[in-house]
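A note on names: the letters A, B, ... follow the listed sequences, proteins ahead of strands, and every chain is numbered from 1.
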Number of protein chains: 2
Amino acid sequence: MNLKKTMVLSNTYYYGNHPILVAVDNIIFGFDTVEERLKVLLFKRLVEPYAGEWSLIGSFVQEGQNIDDAASSVLEELTGITGLYLEQLKTYGNADRDTGERVISIAYYSLLKLEEDNAQLRDQHDSFWFDISEVPNLVLDHGQMVKDAIRKLKIKARRSPIGFELLPEKFTLRQFKSLYEQIYQAEIDDRNFRKKILATGLLDKLEEKDKTTSKKGAFLYTFNKEKYDEYLSRGFDIQFH
Amino acid sequence: MNLKKTMVLSNTYYYGNHPILVAVDNIIFGFDTVEERLKVLLFKRLVEPYAGEWSLIGSFVQEGQNIDDAASSVLEELTGITGLYLEQLKTYGNADRDTGERVISIAYYSLLKLEEDNAQLRDQHDSFWFDISEVPNLVLDHGQMVKDAIRKLKIKARRSPIGFELLPEKFTLRQFKSLYEQIYQAEIDDRNFRKKILATGLLDKLEEKDKTTSKKGAFLYTFNKEKYDEYLSRGFDIQFH
DNA sequence: TCAAAAGTGTTGGGATTACACCCATGG
DNA sequence: CCATGGGTGTAATCCCAACACTTTTGA
């Protein structure tokens, strides 16, 4: 393309260019507090091409629709919950990435708390929560998107107290620690983890205990919303091992 | 103008969706080793809407063109140099972000060495290198793009030995330090900086001295390409104050 | 001879790691 | 009463920040 020529066509600046289908795709992460595993939600694709194969969920960006709204609509329709954590990841736009038509896809990732609604999602949508270490082959470049999202989540977890979005209201330190172990794919020393996390002041200890995993019972904690917001704005840096 | 008319969609999955104009915009950073300032290259917009105002440079993504190639084409035509550092930043897609027509823009940022070709670029393209602390009002959401790019550059500088892309072949430690000071917008202790940077092994000391800024003269350094590549793949983490 | 930038080391404090044993309790 | 997971503290090390003076030389 010749830049100067385009610039001269001042009245027809937009004219003659090639409009393209734009989609959003969503990498949905959830932490299963029972299995203590970080999961990603994948879908059996119902349409050709690639019907029957696993894929991310997405939609086309509609006329007059903000791209962020396109991504959050998908998520809200799926979960029935508004205000979930959602962040843009990256845009994938190789000319041949979709073999059916040219489509540019803006990938987002989102974090949600996995509690009982897990089964409900699955029934409604031919979907399944895969352990992030066991992601199957995905259609198109969705496998790359998931890889990129996991890498971004690692970075994010270090610089932002992200557990809030992935853990239920009340949780044990064991669950919190295994969330970090899942994200970093590494073991963390128990004593050092407790020390560092409690020192941040992010967690409030409750009176209650969870007795599902031990006879002694483990104290439940909850996030201190004020501290959390403070860290979100002031910045945060936590690292293990 | 009815954009839909221009698309012929062969498959029902894609049919009925709304194709959109897609652009790339480029935030071009350069480090001026004489002024010791980090700069961003902006352009006087020649077309309506907003003719005469400052803007980023960009282009529309063409039929069959990869988005990364669209971004690098712009940069190559502008500079005449291939293989410059170029990375995707973020996609901006509010429905009303461009008042002329709906356009989704994928922003990229790039780093280049500012040497003598500076003046040449300016003549050709109504462009000007602005200090990053003195960016004027920009058209559309380009101001936000520049802000986001600067934030990303800060993060990038910490985790990647990025100076390679912004400094000339030979440079003094003073220049290197002021590059970091410009990126972080903070003063850095001279002795600690030297210690830390030299300890990485990234720099090779040359015999030559640069005498333009002092009577004593400052030794010139050059990047050790092997170490640089090693850090790029293995990861890097440097922080000051 | 002096102004202006280049260059150079040490020390104290804080943070991080590594590491092992007692506690509580339900079955 | 014992097996299982919950919970706790300290010492050694490393890394980082703070800090001031000497050198060189052109004008």
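- D:dC15 atom C1' lies 13 Å from atom CG of B:Asp237, rounded to whole Å.
- A donor-acceptor contact under 3.5 Å is formed by the side chain of B:Arg191 with the base of D:dA20.
- Using a 4.0 Å heavy-atom distance criterion, B:Lys211 is classed as a sugar-phosphate-only contact.
- Of the candidate nucleotides D:dG9, D:dC19, D:dG6, D:dC19 has the atom nearest to the side chain of B:Asn192.
- Among the heavy atoms of the strands lying under 4.0 Å from A:Arg174 are primed sugar atoms or P, OP1, OP2 only; no base atom is included.
- Backbone-only contact: A:Lys196 has heavy atoms under 4.0 Å from sugar-phosphate atoms and none from a base.
- In this structure, the CG atom of A:Leu198 is 13 Å from the C1' atom of D:dG6, given to the nearest Å.
- Put simply, CZ on B:Phe193 is 18 Å from P on C:dG9, counting in whole angstrom units.
- Distances shorter than 4.0 Å separate some side-chain N or O of A:Arg194 from OP1 or OP2 on D:dG7.
- Nearest nucleotide to the B:Ala218 side chain, out of C:dA18, D:dC19, C:dA6: C:dA6.
- For A:Phe223 and A:Phe171, the ring centers are positioned less than 6.0 Å apart.
- Within the 6.0 Å centre-distance limit, the rings of A:Phe128 and A:Phe130 are counted as a close aromatic pair.
- Ranked by how close their nearest DNA chain C nucleotide is to the 5' end, A:Gly217 and B:Tyr221 are led by B:Tyr221.
- Looking at every heavy atom in both residues, A:Asp148 comes nearest to A:Leu89 through O-CD1, 3.9 Å.
- Atom CD1 in A:Ile188 sits roughly 15 Å away from atom C1' in C:dA18 (whole-Å rounding).
- Summarising the geometry, the separation between CG on B:Asp190 and C1' on C:dA5 is reported as 10 Å, rounded to the nearest angstrom.
- Ion pair A:Lys113/A:Glu169 not flagged as a salt bridge, since none of the NZ, NE, NH1 or NH2 atoms sits closer than 4.0 Å to an Asp/Glu carboxylate oxygen.
- Both A:Asp189 and B:Asp189 lie close to DNA chain D; mapped to their nearest nucleotides by heavy-atom distance, the more 5′-ward contact belongs to A:Asp189.
- Set against C:dA5, C:dG9, C:dT8, the side chain of B:Lys195 has C:dG9 as its closest nucleotide.
- Between A:Phe176 and A:Tyr221, the distance from one ring center to the other does not fall under 6.0 angstrom.
- Spacing between atom NZ of A:Lys209 and atom P of C:dT25 amounts to 6 Å, rounded to whole angstrom units.
- Here C:dG26 is the nucleotide among C:dG26, C:dA5, D:dA17 with the atom lying nearest to any side-chain atom of A:Lys215.
- Taking atom CD on A:Glu36 and atom C1' on D:dG5, their separation rounds to 11 Å, with Å as the unit.
- Comparing atom distances between the A:Lys216 side chain and each of D:dG7, C:dA5, C:dT8 picks out D:dG7 as nearest.
- Rounded to whole Å, atom P of C:dG7 lies 15 Å from atom CZ of B:Phe176.
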